Every structure is written in structure tokens, then in C-alpha cells.
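Computed from a predicted structure; not experimentally measured. We use all heavy atoms of the structure for the numbers below, so side chains are in, but hydrogens, waters and symmetry mates are not.
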Amino acid sequence: MALFLYDTFPAGFLWGAGSAAYQAEGGWRQGGKGASVWDTFAHRAAPAGARQPQPLPSAPAGGDVASDSYNNLFRDAEGLRRLGVSHYRFSLAWARLLPNGTAPPSAAGLAHYGRLLARLRQLGVEPVVTLYHWDLPQRLQDAYGGWASPALAELFRDYAELCFRHFGGQVRYWLTIDNPYVVAWHGYATGRLPPGVKGGPQLGYRAAHHLLQAHAKVWHLYNDHFRPTQGGQVSIALSSHWIKPQAMTEQDIQECQKSLDFVLGWFAKPIFIDGDYPQSMKNNLSSLLPEFSDAEKKYIKGTADFFALSFGATLSFQLLDSQMKFHQLESLSLRQLLYWISREYNKPKIFIVENSWFVSGSTKRDDQYEVILLFFLLAIRYDEVDVFGYTVWSLMDGFEWHRGYSIRRGLFYVDFQSHDKKFLPKSSALFYQKLIERNVHLRGFLLRGGLHNFFNLKKIVLV
């Protein structure tokens, strides 16, 4: 461990924080915004006997208000300035820009994101923009059946074109879709998340097929028509767990590979390798898994300019179906996952676009988040994994999807019961600010007592 004390992150490493529109924006009826599937899902009365996450006292339903970022743009920007981040990942609300899911666009929606981008430019903060973070316009779900329909791919392309034309001159990093595993599997197979369709595995795999086609259309759109003048990069945010064998037998190791294939490889292999699904999925799923034509495989292959990885609490230990573990042991080893991705997908440049843990909704200021950051330094320095950026999730506390307001994941504590949603930095925000400031020499942190915290792990499993 002695050598580790003197290691730093590479020069030019990108440090940022992130948020998602539905989790943070609020303003669900402001500026002519249309309803999303999350609005509908959160407002729907729970079935009798259903177990719902308990909100804080006086908390509004779902993301109606959330962190109220729509009305507090400068508050959020001040948080970014205090941290000294190089980038801010946020998502555009499709239904805010296109209330009906299709043209005409909302002038208020365009103006809102224009103001946000202008403020980031003033601060010298790079925007990393997600086109779709789970909040499909409800009109498209009603009219087409959402991602269960092949028509969504072209509609998504049209939406992306609007965003590229209006905002592309200010954006170098685009993410098409966040965590398509959750969108497809829990939106259309299990129904645990919006739009809540319990269509079983076949519909889940069909929705994923259309998500991949939609992503590829948007990448080609940007590559052919916008990259020459805007010079940006496009990827898709893929989420994963890590898995360890029950026993070091060939059978259990193969089951671990299968687990990663069924979650991450489901989307990563078509995009980064050969345009087709993992062989283990094809062998096990038979007619349940749609097929790509040779032309579609060629079209999908290579449609990412970097590997955008999401790793943390939303998927691991919460939204990963037990059947996807294949009787093996789930783990939170980011270092091992990074190494596996590097070897499995031909050493891509990796941008960690979401990483976090969470604390109880009652926690205010002391969250000791810093231990997570040590793991991927090992991957960079000793495993030679090409990681060029890291994004803490999230900038602020917000609406945490199926967990409601029962947990907090922000660097800044949000007082949800206050009228102006007051911001207070947590201990993790203060640590992260110092880390970025030094870009990043861990010796000082460890000598000041961080080494004790590193081994006093109540929230993280050691590599």
C-alpha cells in the first residue's frame, strides 16, 4: 500500500457531478411541460397492500418539486462552482422540450436549458448531456406503447436532432440513453418502474432491441450531420454490477460471465464488438431474444465514441433481478469491473458517468463518501485501465426513483421541507472539492486520517 500513497490521477482527468431531470428539476407543470411516464407513475394511487417507499414528512409526490432545480439554476451552479468540477452531467427532459413527444418544441423548455448551458459556460464547466434519463413523454407511451414499439427509434432521432441543433454548439459529450437495462427490464418486463408494463421477458427484450436501434440512429445522425461542425462525442450510459463465483470452479466462473453478459453485455457487445447479442444470451433465450439482420449489426457496431459506465446503488443491490446473478455472489468491486470491461471490450476509453453510494434520508451532513474514489485509482495506475473521467452521483439530494425520499445521494443536502430548497454541503462535498483542487494527490488525505476511514468500511466492499 505504500506506493499507493504517492499516486495521483492522470493530468487532465475530468472531475464532475451529475443529476437527472426527473430527480432534480421539479417544475413539472411549469413552462408548458408535458407529462412523462414518471409523472404518471408517481401520481398513480398505490394498489391496496402495495409496499411504497415512505417520503419525508411534507414531501411532494414523486418529482413534482424534487430539488426544484428548474427554479434554482443559479443555486445549482453555485454548488458546481464551490466544488470546482470540470464537468456537470445533467439530462434534458424530453417532455419539457417536446410536451407531446414530437414537434412543435416548447420555447420555454429550449430557453431553460439554454440558460443552464450559458451559466455553465460562464463557470468554465463542461456540460455532459443525457438525452434520455427514463422520463419518456406520456403521450408516446399512450400512442405507441413506448419502447415496446419500433416507431420510438425514429421519434427519438427527431428529438435528438432538435437537441443537437439547439445545444450542440455548446456540448462536447452526449449520452443518448441512461441505463437501458433498467428501462427495458423494469419498465416493460417486470413493471417495477415506469411505464409499469408487466409484459414478461419477451417484451423486455423487445424494448431493449428498440433502445439499441434508437441509440444507433442518434449516433449516426450526429456522426453524419453534426460532428463535422460541432466536434463532440456520443455514447450511451451503461450500468452494471460486479459478480464473484460461489466457488472457483469452471462452471461458476462461466456463470459469472453469463451474469455480466445478461446485464452489461446485452448492450455493450452489440455496440463495442460486433453488432450482436452475447452468445450466452442467444444460447439461453432462444426465441425470446429478437434478431438483428446483418445490415443492422453493421449499423449498430461501433456506435460509441467512449465507454460510459454507471456503477453504484441504483442497479447494484436494488434493481438487479436475482435471476441475473445465476446463483453467484454480487459485489461492489468497481476496480474489477473496470478491468473486465477493459479486457472484454478491447481497452476502450472509459468515462465513469455515475458512481455513488447512499445514506439514510435522515442524514444531513456527515456521509463519508470518499472511500469509493480509491478503487478506480488502482484500476488506472496498476491495471492500466484507460479511465479519463469520473462523475459523482449526485450533485444534490433528489427524488430517488423507487426509493422516493427515503435515501440521499447528493454531495449537497437539500432541505425538502424548506420553501427555497436550501443547499448545505455534506462532508463528501468538502472532501471532493479538496480532491479536485489537488488533482488529485491522495497522500495528504490518507495521512490526515483517511486511511482509517478507508478500512472502516460500513458501506463498501474491499476489492
**OP:** For residues Asp386 and Pro348, determine if any side-chain heavy atom of one lies less than 4.5 Å from a side-chain heavy atom of the other.
**Re:** no
Subject >> Test item: Glu161 side-chain N/O and Leu221 main-chain N/O as donor-acceptor pair under 3.5 Å >> reply: no
**OP:** Would you give the length of the straight line joining atom CG of Leu162 to atom OG1 of Thr102, rounded to the nearest 0.5 angstrom?
**Re:** 11.0 Å
Original post:
Among Glu126, Gln233, His87, whose side chain to side chain donor-acceptor pair (under 3.5 Å) with Arg172 holds?
Top reply: Glu126
Original post:
Side-chain donor-acceptor pair under 3.5 Å between Gln328 and Ser259, yes or no?
Top reply: no
Original post:
Between Arg408 (side chain) and Val414 (backbone), is there a donor-acceptor pair under 3.5 Å?
Top reply: yes
Original post:
Angle class for the Trp38/Trp134 ring planes (parallel below 30°, perpendicular above 60°, tilted otherwise)?
Top reply: parallel
Original post:
Roughly how far, to the nearest 0.5 Å, is the OG atom of Ser331 from the CG atom of Leu337?
Top reply: 9.5 Å
Subject >> Nearest heavy-atom neighbours spanning Lys282 and Tyr277 >> reply: CD-O, 3.6 Å
Subject >> Contact check, side chains of Leu260 and Ile243, non-hydrogen atoms, under 4.5 Å >> reply: yes
Original post:
Would you say Arg192 has more than 12 foreign heavy atoms packed within less than 6.0 Å of its CZ?
Top reply: yes
Original post:
Are Trp340 and Gln257 close enough, and set up right, to give a side chain to side chain contact (heavy atoms under 4.5 Å, CB included), and what steps lead you there?
Top reply: CA-CA 10 Å; Trp340 183 84; Gln257 175 73 31; 3.4 Å; yes
Original post:
For the residue pair Pro195 and Val37, what are the closest heavy atoms and their distance?
Top reply: CB-CG1, 4.1 Å
Subject >> Phe388 ring center within less than 6.0 Å of Phe13 ring center >> reply: no
**OP:** Measure the spacing between CG of Leu378 and CZ of Arg335 and express it to the nearest 0.5 Å.
**Re:** 4.5 Å
Original post:
Backbone N or O of Thr130 within a donor-acceptor pair of the Ser91 side chain at under 3.5 Å?
Top reply: no
**OP:** Write down the atom of Pro180, the atom of Ala237, and the distance for their closest heavy-atom approach.
**Re:** CD-O, 3.5 Å
Original post:
Does the side chain to side chain contact (heavy atoms under 4.5 Å, CB included) test come out yes or no for Leu152 and His210, once each step is laid out?
Top reply: CA-CA 7 Å; Leu152 261 289; His210 300 151; 5.7 Å; no
Original post:
When the aromatic ring centroids of Trp242 and Phe311 are compared, is their separation below 6.0 Å?
Top reply: no
Original post:
Can you find a pair of side-chain heavy atoms, one from Leu131 and one from Leu175, that are under 4.5 Å apart?
Top reply: no
**OP:** Might you confirm whether atom CD of Gln323 has over 12 heavy atoms from other residues, nucleotides or ligands at distances under 6.0 Å?
**Re:** yes
**OP:** Look up atom CE in Met324 and atom NZ in Lys258, then write down how far apart they are to the nearest 0.5 Å.
**Re:** 12.0 Å
Subject >> side chain to side chain contact (heavy atoms under 4.5 Å, CB included) evaluation trace for Cys163 with Trp174 >> reply: CA-CA 10 Å; Cys163 298; Trp174 291 95; 4.2 Å; yes
Original post:
Just wondering, do Val353 and Asp178 contact through their side chains at under 4.5 Å, heavy atoms?
Top reply: no
Original post:
So, Asp397 and Lys426, do they make that salt bridge, N to O below 4.0 Å?
Top reply: yes
Original post:
What do you reckon, are the aromatic ring centroids of Tyr181 and Phe267 less than 6.0 Å apart?
Top reply: no
Original post:
Which atoms form the tightest heavy-atom contact between Arg381 and Pro10, and what is the distance?
Top reply: NH2-N, 4.0 Å
Original post:
What distance do Leu203 atom CG and Trp185 atom CH2 have between them, rounded to the nearest 0.5 Å?
Top reply: 10.5 Å
Subject >> Check: Tyr405 side chain, Gly62 main-chain N or O, donor-acceptor pair, under 3.5 Å >> reply: yes
**OP:** State, yes or no, whether a side-chain contact exists between Tyr222 and Gln230 at a heavy-atom distance under 4.5 Å.
**Re:** yes
Subject >> Closest contact, heavy atoms only, Gly18 versus Ser394 >> reply: O-CB, 3.1 Å
Subject >> His241 side chain to Leu320 backbone, donor-acceptor under 3.5 Å >> reply: no
**OP:** Compute the ring centroids of Phe9 and Tyr390, then answer whether they are less than 6.0 Å apart.
**Re:** no
**OP:** Please answer whether the main-chain N or O of Ala189 pairs with a side-chain N or O of Tyr205 as donor and acceptor at a distance below 3.5 Å.
**Re:** no
Original post:
Checking salt bridge (charged side-chain N to carboxylate O under 4.0 Å, His left out) for the pair Asp276/Lys269: CA distance, chi angles, key distance, verdict?
Top reply: CA-CA 7 Å; Asp276 202 5; Lys269 184 174 176 286; 5.5 Å; no
Subject >> Centroid-centroid under 6.0 Å between His133 and Phe90 rings >> reply: no
Original post:
Per the side chain to side chain donor-acceptor pair (under 3.5 Å) rule, which among Thr303, Asp305, Thr176 passes with Trp219?
Top reply: Asp305
Original post:
Can you find a side-chain donor-acceptor pair between Ser19 and Tyr88 that sits under 3.5 Å?
Top reply: yes
Original post:
Under 6.0 Å from the CD atom of Glu291, do we count more than 12 heavy atoms belonging to anything else shown?
Top reply: no
**OP:** Test side-chain hydrogen bond (donor to acceptor under 3.5 Å, both in side chains) on Ser310 and Asn179 and set out the steps.
**Re:** CA-CA 8 Å; Ser310 170; Asn179 203 339; 5.2 Å; no
Original post:
Distance-only, no hydrogens or angles: does the Asp39 side chain make a donor-acceptor pair with backbone N or O of Ser36 under 3.5 Å?
Top reply: yes
**OP:** Could you tell me whether the side chains of Ser280 and Asn283 share a donor-acceptor contact shorter than 3.5 Å?
**Re:** no
**OP:** Tell me whether the centres of the aromatic rings in Tyr132 and Trp147 are closer together than 6.0 Å.
**Re:** yes
**OP:** Could you give me the CA-CA distance, side-chain angles and deciding distance for Leu211 and Ile236, then say whether side chain to side chain contact (heavy atoms under 4.5 Å, CB included) is met?
**Re:** CA-CA 10 Å; Leu211 285 162; Ile236 180 172; over 6 Å; no
Original post:
Do the non-hydrogen side-chain atoms of Tyr299 and Gln213 ever get within less than 4.5 Å of each other?
Top reply: no
**OP:** Report, as yes or no, whether the 6.0 Å neighbourhood of atom NZ on Lys301 holds more than 12 heavy atoms from other residues, nucleotides or ligands.
**Re:** no
Subject >> Close side-chain approach of Met396 to Ser69, heavy-atom, < 4.5 Å >> reply: yes
**OP:** Give me the ring orientation class for Phe306 and Phe351: parallel if the planes are under 30° apart, tilted from 30 to 60°, perpendicular past 60°.
**Re:** tilted
Original post:
Is a side-chain donor or acceptor of Asp252 paired with a backbone partner of Ala247 at a separation under 3.5 angstrom?
Top reply: yes
Original post:
Can you tell if the side chain of Leu238 reaches within under 4.5 Å of the side chain of Phe307, non-hydrogen atoms only?
Top reply: yes
Original post:
To the nearest 0.5 Å, what is the distance between CD1 (Ile273) and CD1 (Ile300)?
Top reply: 14.0 Å
**OP:** Work out which heavy atom in Leu395 is nearest to a heavy atom in Gly79; give both atom names and the distance.
**Re:** CD1-C, 4.5 Å
